*Asks:* 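Can you read through this structure? Questions will come right after.
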Amino acid sequence: MELTIEDLKKELPEQDYDTLTLGEDVVAVRSLIKAKTWVKGMIQSTGNEYSEDNDIVREAVLKRALYELFSFVGQESRAREKAEDCELLIESAFGPILKKDDTNAGGPAVGCMKNNRTNPLDRGL
C-alpha cells in the first residue's frame, strides 16, 4: 500500500503539521516524494528491494519525510535527528548503506598502470 500525506499527518500533531507545511499539503507531498526517492536509493544500495508493503520501509520513508519537512522550515537539529533515525533504521534492517565516499578497500587490486618512461638518472647523462 502506497504511503500518502495522510500517513504523514498521523506522525505529527495537527498544529505541527500546519507549521511544517506552512498550511500547504503540496509541501507534504513534495517531502514524501523526496523521502521515497531517497529511501529507495539507500535500500537498493544495500542490495535489497524497496517495497512500501514492508513496515520498515514505510517507517523509514516517514522518518525521511519528517526530515524533509523540518529541513524545509529551517529546523536543522530536529531534521538531522530524523535523518539519523532513518539511516539507523535502514542499516539495522538491510545492512550498511553504500555512500558516495565508500570504497572497496578490502578487495584485491584489479589492475596496475605503468608508464614506459625510464628514470632520467638511469640514462647515463
Side-chain angles (χ1 to χ4, degrees):
M1 179 168 50
E2 186 173 343
L3 286 164
T4 66
I5 62 168
E6 295 307 317
D7 297 307
L8 188 54
K9 285 181 179 181
K10 292 176 187 174
E11 297 294 309
L12 296 162
E14 185 177 341
Q15 180 179 348
D16 289 352
Y17 176 83
D18 289 340
T19 300
L20 293 172
T21 62
L22 307 177
E24 299 289 332
D25 282 342
V26 69
V27 173
V29 169
R30 182 69 185 135
S31 296
L32 196 54
I33 290 169
K34 288 172 75 174
K36 288 178 181 187
T37 302
W38 189 89
V39 170
K40 182 177 183 177
M42 294 303 105
I43 289 174
Q44 288 179 337
S45 83
T46 68
N48 290 281
E49 187 176 315
Y50 174 91
S51 170
E52 289 183 32
D53 292 330
N54 181 311
D55 289 337
I56 293 171
V57 172
R58 293 175 68 81
E59 187 65 25
V61 169
L62 291 172
K63 286 182 181 300
R64 185 65 188 197
L66 291 173
Y67 159 81
E68 297 291 345
L69 289 175
F70 283 115
S71 187
F72 176 73
V73 296
Q75 294 185 21
E76 292 305 319
S77 64
R78 291 194 67 192
R80 198 171 321 111
E81 183 181 294
K82 297 300 180 187
E84 290 169 1
D85 289 348
C86 179
E87 285 188 37
L88 181 61
L89 182 61
I90 292 170
E91 288 186 329
S92 65
F94 298 104
I97 294 171
L98 183 63
K99 298 187 175 131
K100 75 177 188 177
D101 59 343
D102 288 344
T103 60
N104 189 5
V110 293
C112 176
M113 293 183 68
K114 179 179 177 185
N115 70 34
N116 290 326
R117 291 188 229 155
T118 59
N119 186 333
L121 298 175
D122 292 339
R123 289 190 219 154
L125 296 175

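None of the values given here were measured: they were computed from a predicted structure.
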*Asks:* Roughly how far, to the nearest 0.5 Å, is CD1 of I90 from CE of M42?
*Replies:* 7.5 Å
*Asks:* Would you call E84 and R80 a salt bridge, taking side-chain N to carboxylate O under 4.0 Å as the test?
*Replies:* no
*Asks:* How long is the span from the OG atom in S31 to the CH2 atom in W38, to the nearest 0.5 Å?
*Replies:* 14.5 Å
*Asks:* Surrounding CD of E49 (heavy atoms of other residues, nucleotides or ligands, distance under 6.0 Å), is the total greater than 12?
*Replies:* no
*Asks:* From the options N54, L8, L32, select the one residue that forms a side chain to side chain contact (heavy atoms under 4.5 Å, CB included) with V61.
*Replies:* L32
*Asks:* May I ask you to decide if S71's main-chain N or O and K82's side chain share a donor-acceptor pair within less than 3.5 Å?
*Replies:* no
*Asks:* Is the shortest heavy-atom distance from the side chain of Y50 to the side chain of K36 under 4.5 Å?
*Replies:* yes
*Asks:* To the nearest 0.5 Å, tell me how far R64 CZ sits from L89 CG.
*Replies:* 13.0 Å
*Asks:* Determine yes or no for a side-chain-to-main-chain donor-acceptor pair under 3.5 angstrom, with E91 supplying the side chain and I97 the backbone.
*Replies:* yes
*Asks:* Same hydrophobic cluster for L20 and L22, using side-chain heavy-atom links shorter than 4.5 Å among ILVMFWY?
*Replies:* yes
*Asks:* May I ask you to say whether K9 pairs ionically with E6, meaning some side-chain N is under 4.0 Å from a carboxylate O?
*Replies:* yes
*Asks:* Between L66 and I33, is there shared hydrophobic-cluster membership here, with clusters defined by ILVMFWY side-chain heavy atoms closer than 4.5 Å?
*Replies:* yes
*Asks:* Quick one: do Y67 and L3 end up in the same hydrophobic cluster if we chain Ile, Leu, Val, Met, Phe, Trp and Tyr together by side-chain heavy atoms under 4.5 Å apart?
*Replies:* no
*Asks:* Answer yes or no: is there a side-chain heavy-atom contact under 4.5 Å between D25 and Y17?
*Replies:* yes
*Asks:* Using side-chain hydrogen bond (donor to acceptor under 3.5 Å, both in side chains) as the criterion, list what pairs up with E68, not counting sequence neighbours.
*Replies:* K34
*Asks:* Hey, is the main chain of Q15 close enough, under 3.5 Å, to the side chain of D18 for a donor-acceptor pair?
*Replies:* no
*Asks:* Could you state the interatomic distance from OG (S51) to CE (M1), rounded to the nearest 0.5 Å?
*Replies:* 11.5 Å
*Asks:* Once rounded to the nearest 0.5 Å, what's the spacing between atom CZ of F72 and atom OG1 of T21?
*Replies:* 8.5 Å
*Asks:* For C86 versus A60, what's the shortest heavy-atom pair and its separation?
*Replies:* SG-O, 3.3 Å
*Asks:* On a heavy-atom basis, which atom in T46 and which in P96 lie closest, and how many Å separate them?
*Replies:* CG2-O, 3.2 Å
*Asks:* Under a single-linkage definition using a 4.5 Å side-chain heavy-atom cutoff for Ile, Leu, Val, Met, Phe, Trp and Tyr, are F94 and L88 assigned to the same hydrophobic cluster?
*Replies:* no
*Asks:* Just jot down the side-chain hydrogen bond (donor to acceptor under 3.5 Å, both in side chains) partners of T19, sequence neighbours excluded, or say none.
*Replies:* none
*Asks:* Is V73 linked to L69 within one hydrophobic cluster, defined over Ile, Leu, Val, Met, Phe, Trp and Tyr using a side-chain heavy-atom separation of less than 4.5 Å?
*Replies:* yes
*Asks:* Rounded to the nearest 0.5 Å, what separation is found between the CG atom of D7 and the CD atom of E59?
*Replies:* 10.5 Å
